[in-house]
Amino acid sequence: MYKIVEKRLLAPDIYLMDVEAPRVAKSAQPGQFLIVKMDKKGERIPLTVCDYNREKGTVTIVFQTLGYSTEKMAKYEVGDYFQDFVGPLGKPSDFIYEDVEELKKKNILYVAGGVGVAPVYCQVKWFKEIGAPVDVLIGAKTKDMLLMEEEMEAVAKNVYYATDDGSYGYHGFLNGCLAKMIDEDKKVYDHVVAIGPMIMMKTIVEVTKERGIKSTVSMNPVMVDGTGMCGGCRLTIGDDVKFACVDGPEFDGDLVDFDEAMRRAATYKTEEGRKKLREIEGDTHHGGCGVCGGDE
Amino acid sequence: MSRMKRVAIAEQDPKIRATNFEEVCLGYTEEEAVAEATRCLNCKNPKCVPLCPVTINIPEFIQAIKNREFEEAAKIIAKSSALPAVCGRVCPQEVQCESTCILGIKGDAIAIGKLERFVADWSRENNIDLSETQAKNGKKVAVIGSGPAGLTCAGDLAKLGYDVTIFEALHQPGGVLVYGIPEFRLPNDTVEHEVENLKELGVKIETNVIIGRTVKLDDLINEEGFEAVFIGSGAGLPMFMGIPGENLNGVLSANEFLTRSNLMKAYDDSYDTPIKVGKRVAVIGGGNVAMDAARTALRMGAESHIVYRRSEAELPARAEEVHHAMAEGIQFNLLTNPVEILGDEKGWVKGMKCIKMELGQPDESGRRRPVEIKGSEFELDVDMVIMALGTSPNPLIYSTTEGLEVNKRKCIVVDENGLTTKERVYAGGDAVTGSATVILAMGAGKKAAQAIHQDLSK
Ligand SMILES: Cc1cc2nc3c(=O)[nH]c(=O)nc-3n(C[C@H](O)[C@H](O)[C@H](O)COP(=O)(O)OP(=O)(O)OC[C@H]3O[C@@H](n4cnc5c(N)ncnc54)[C@H](O)[C@@H]3O)c2cc1C
Ligand SMILES: Cc1cc2nc3c(=O)[nH]c(=O)nc-3n(C[C@H](O)[C@H](O)[C@H](O)COP(=O)(O)OP(=O)(O)OC[C@H]3O[C@@H](n4cnc5c(N)ncnc54)[C@H](O)[C@@H]3O)c2cc1C
Ligand code: SF4
Ligand code: SF4
Ligand code: FES
């Protein structure tokens with residue numbers, strides 16, 4: 001059993017929790033994820049490792065309520081227990097294997113959409129700790145839905161913002177903002193890492209690919225076990241089929257077949273989930289993003 | 001009653017069982033078990049025992065049944081096997097112990113497996129305590145994986161007085177026994193009960209620990225004080241065919257389908273697990289896994305097809321399971337091979353292009369190789385495809401452990417005692433052989449336990 005020791009509402013429908021899981025806290029690295037199962041009859045829910053405290057033995061998760069299971073999770077309070085909490089899963093981010101001096105020379109930008117801010121924070125904090133702070137671009141539908149701004153500003157070199165409605169920072173989607181930063185503001189980046197909804201990662205990669213910039217994306221397909229046992233998480237990466245849970249979740253953005261991934265992600269889409277996304281995203285909800293499967 | 005004829009066993013009617021997940025085979029009553037046991041010749045030199053990978057003293061436990069000493073029978077089996085309720089149900093008895101039973105020459109072999117199951121179920125109902133162990137010796141052994149190999153190794157070591165901890169990646173112990181094999185053949189609570197018996201022996205089980213991710217194997221030895229490790233991590237990585245259309249929505253591995261339905265009980269509305277079952281489902285393959293997937297889909301209301309490229313004689317599944325599947329109404333498309341899965345405009349499966357096969361010359365495995373019949377392509381009208389083509393060992397452990405050698409099939413290399421290329425690290429079961437059977441995995445776990453005992457007693 002894994003005890004919840006902290007719970008906070010970060011933005012409407014987005015929760016942060018610290019969970020006691022000493023074994024996971026001891027081994028977790030940026031880029032990895034874990035799986036939560038609330039009770040005997042619950043689903044196995046994959047969530048990115050957002051932070052960890054090796055001394056206290058706690059791991060931080062941030063989740064958005066989308067459908068049945070995440071709604072149920074939001075009802076858990078400090079002092080409650082999750083039955084299962086397994087990880088870390090997947091490969092750590094490639095950067096942690098790179099030479100620190102090399103990393104210091106690079107210009108890296110993290111792009112975070114929606115709840116993707118939390119996993120980005122974990123990685124940006126890591127860069128700060130090794131003395132190679134990076135830039136971050138955060139996007140949300142509207143100002144009220146931005147999260148973790150203070151925390152992010154404390155660890156990043158520069159933080160830029162974009163909101164769909166223009167209530168804060170750049171007015172529009174993240175891909176438009178990134179294109180503007182590069183083309184008009186003449187920002188130079190060697191490597192862009194995008195974490196968020198698949199449609200966001202897809203459009204970001206369109207921008208970087210066109211400009212010859214390397215990209216990394218963190219894929220979130222449907223998963224069951226997270227250990228390579230079911231094949232439900234398979235993706236087409238270049239000419240190969242890869243299992244996101246063991247070969248990923250991070251992949252070279254240029255190689256990912258996003259259209260297939262978005263279609264497959266809709267396999268178990270639920271009615272409630274789609275309705276919820278429509279409520280959250282309102283008229284910016286175009287369908288076809290794969291997070292919800294569209295409106296047909 | 002004739003000595004040559006086996007006492008019949010009750011089964012659920014095929015029409016009824018095709019709509020539920022209750023056990024197909026209902027097991028012997030006491031009277032039936034005694035009658036069947038009475039047929040056994042109690043051979044001086046029993047031909048059945050050498051074919052049992054865990055060397056259960058078969059004539060002895062059968063004589064105990066004959067004398068209605070059921071508790072005694074349970075204790076005799078417990079000396080050799082920690083999982084009799086499991087083996088009695090899913091061990092391929094017909095090719096193991098029963099294949100050499102002397103009575104099988106002229107008539108029916110003794111129903112050894114069914115009698116074993118009877119004893120196990122009886123001892124469960126009567127709460128028999130089978131937890132006899134030697135004094136604790138204070139030595140710690142780690143077991144990776146809680147499938148039949150790991151459970152057996154852990155049980156045997158615990159009986160010898162070792163302090164054993166099993167590390168299991170999933171949230172529930174049992175390996176394939178709980179995530180793969182369906183309720184109607186092996187109820188999960190039967191496995192749970194055998195796992196409880198192991199805990200009675202003092203075995204500790206830590207679920208949600210993935211060796212290679214949560215903890216490295218080397219850290220178990222260097223940091224956590226384990227003196228030996230047994231790897232029973234199975235062969236869980238599903239294979240796909242590599243044909244066009246395989247990533248369409250509605251194409252999944254048997255592991256995913258069975259895990260959703262069996263481990264996570266998707267057919268039971270009180271569980272949160274989502275599952276999609278087509279109206280017409282094709283399962284590709286002919287082994288136990290394929291039968292289980294096809295019969296599960298049938299029970300969830302689908303028209304269910306097996307698509308297999310050889311003929312009935314070559315089906316690798318247990319004969320009993322094939323007969324059960326046929327009786328329940330599974331449609332067998334034999335000598336048929338898929339070439340492409342077809343999708344609709346939204347990317348969901350809408351059919352499968354297949355080609356007819358004929359049997360040619362025997363291949364390396366000695367089975368006649370299927371060859372395509374030119375121009376025989378046809379379309380099978382299905383909306384879901386389940387791949388049951390076999391599995392291979394997962395890279396998580398060997399790719400994160402220094403000096404642990406694997407062969408080109410990614411199976412862990414071991415010597416005749418189960419010792420790997422790493423000191424005091426042993427392995428057995430599917431992780432070593434590739435997908436095989438429950439009883440072979442148990443046999444390997446048992447052998448390794450003996451070897452570990454010798455190693456640590458030096
Ligand atoms: C590696 C990985 C890391 C993830 N990290 C996070 C995270 O840090 N924070 C977070 O909030 N979410 C994360 N997710 C997504 C999260 O797992 C899903 O939001 C959650 O499982 C939805 O469950 P539900 O029952 O509430 O919703 P459901 O009712 O099952 O679905 C609600 C909607 O979400 C979509 N959905 C379902 N499962 C997924 C999925 N795995 N990925 C994307 N969309 C899905 C469905 O299509 C549906 O429209 C991650 C997913 C993966 C695979
Ligand atoms: C659907 C199906 C039906 C079958 N039917 C039959 C049958 O009727 N009769 C028969 O004899 N055989 C049958 N088999 C085969 C049989 O189940 C296997 O041969 C047997 O279970 C192998 O046992 P094992 O202990 O080696 O591995 P498994 O049972 O595969 O157990 C391995 C365990 O290790 C865990 N694990 C893996 N990696 C790690 C890690 N890194 N860290 C921690 N834990 C890990 C896994 O989660 C799993 O629980 C069937 C198999 C399937 C899939
Ligand atoms: S374990 Fe299998 S081989 Fe051994 S006696 Fe039982 S059924 Fe026969
Ligand atoms: S060979 Fe057959 S008859 Fe002889 S002891 Fe074994 S089960 Fe009984
Ligand atoms: S989640 Fe099952 S193989 Fe990746």
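Just so it is clear: chains get the letters A, B, ... in the order the sequence lines come, proteins before strands, and each one is counted from 1.
The closest donor-acceptor contact from the side chain of N249(B) to the backbone of R263(A) lies under 3.5 Å. Between the side chain of D383(B) and the backbone N or O of R280(B) there is at least one donor-acceptor pair closer than 3.5 Å. In this structure, the side chain of R264(A) engages the main chain of G232(A) through a donor-acceptor pair within 3.5 Å.
Annotation for E129(A): atom CD counts as buried by contact number, over 12 foreign heavy atoms lying within 6.0 Å.
No side-chain donor-acceptor contact under 3.5 Å links Q32(A) and E250(A). Between the side chains of T60(A) and D18(A), at least one donor N or O lies within less than 3.5 Å of an accepting N or O. A donor-acceptor contact under 3.5 angstrom links the side chains of N247(B) and E260(A), judged on distance only.
Residue S69(A) holds its OG atom at 4.0 Å from CD1 of I45(A), rounded to the nearest 0.5 Å. Expressed to the nearest 0.5 Å, how far CE of M1(A) lies from CG of D80(A) amounts to 9.5 Å.
Of the atoms belonging to N394(B), it is side-chain heavy atoms, and not backbone ones, that fall under 4.5 Å from chain A. Proximity to chain B involves both the backbone and the side chain of L89(A), based on heavy atoms less than 4.5 angstrom apart. Interface remark: F85(A) contributes backbone atoms only to the contact with chain B (heavy atom separation under 4.5 Å). For chain A, the nearby parts of L237(B) are the backbone and the side chain; heavy atoms of each come within less than 4.5 Å. Of the atoms belonging to K26(A), it is side-chain heavy atoms, and not backbone ones, that fall under 4.5 Å from chain B.
For D218(B), the side chain to side chain donor-acceptor pair (under 3.5 Å) test picks out K422(B), with sequence neighbours left out.
Within residues 257-264 of chain B, the residues having any heavy atom less than 4.5 Å from a heavy atom of chain A are, in residue-number order, T259(B), R260(B), M264(B). Interface residues of residues 169-178 of chain B toward chain A, defined by a heavy-atom distance below 4.5 Å and sorted by number: A169(B), L170(B), H171(B).
Salt bridge absent: E168(B) and K204(B) never bring a charged side-chain N and a carboxylate O closer than 4.0 Å. Ion pairing of D272(B) with K72(A) is present here, as a side-chain N (NZ or NE/NH1/NH2) and a carboxylate O approach within less than 4.0 Å.
Counting heavy-atom pairs under 4.5 Å between each of P88(A), G87(A), S27(A) and chain B puts P88(A) at the top. Interface summary for chain B: among L34(A), D257(A), D84(A), the most heavy-atom pairs under 4.5 angstrom belong to D84(A). When each of P238(B), S253(B), G236(B) is checked for heavy-atom pairs under 4.5 Å with chain A, P238(B) comes out on top. For the set M387(B), K216(B), E246(B), E206(B), the count of heavy-atom pairs under 4.5 angstrom toward chain A peaks at E206(B). Considering only heavy-atom pairs separated by less than 4.5 Å from chain B, the leading option among A21(A), G90(A), G226(A), G42(A) is G90(A). Taking chain B as the reference chain and counting heavy-atom pairs below 4.5 Å, the highest number among Q29(A), K40(A), M38(A) is found for K40(A).
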Checking E43(A) against K37(A) for the salt bridge (Lys or Arg N to Asp or Glu O under 4.0 Å) test, could you report, in this order, the C-alpha distance in whole Å, the side-chain angles of both residues, the deciding distance, and whether it holds? CA-CA 6 Å; E43(A) 277 189 270; K37(A) 186 165 174 289; over 6 Å; no
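Residues M223(A) and C233(A) share a closest heavy-atom pair of CG-CB, 3.9 Å.
Every pair tested for salt bridge (Lys or Arg N to Asp or Glu O under 4.0 Å) that includes a residue from residues 215-242 of chain A fails, sequence neighbours excluded, so the list is empty.
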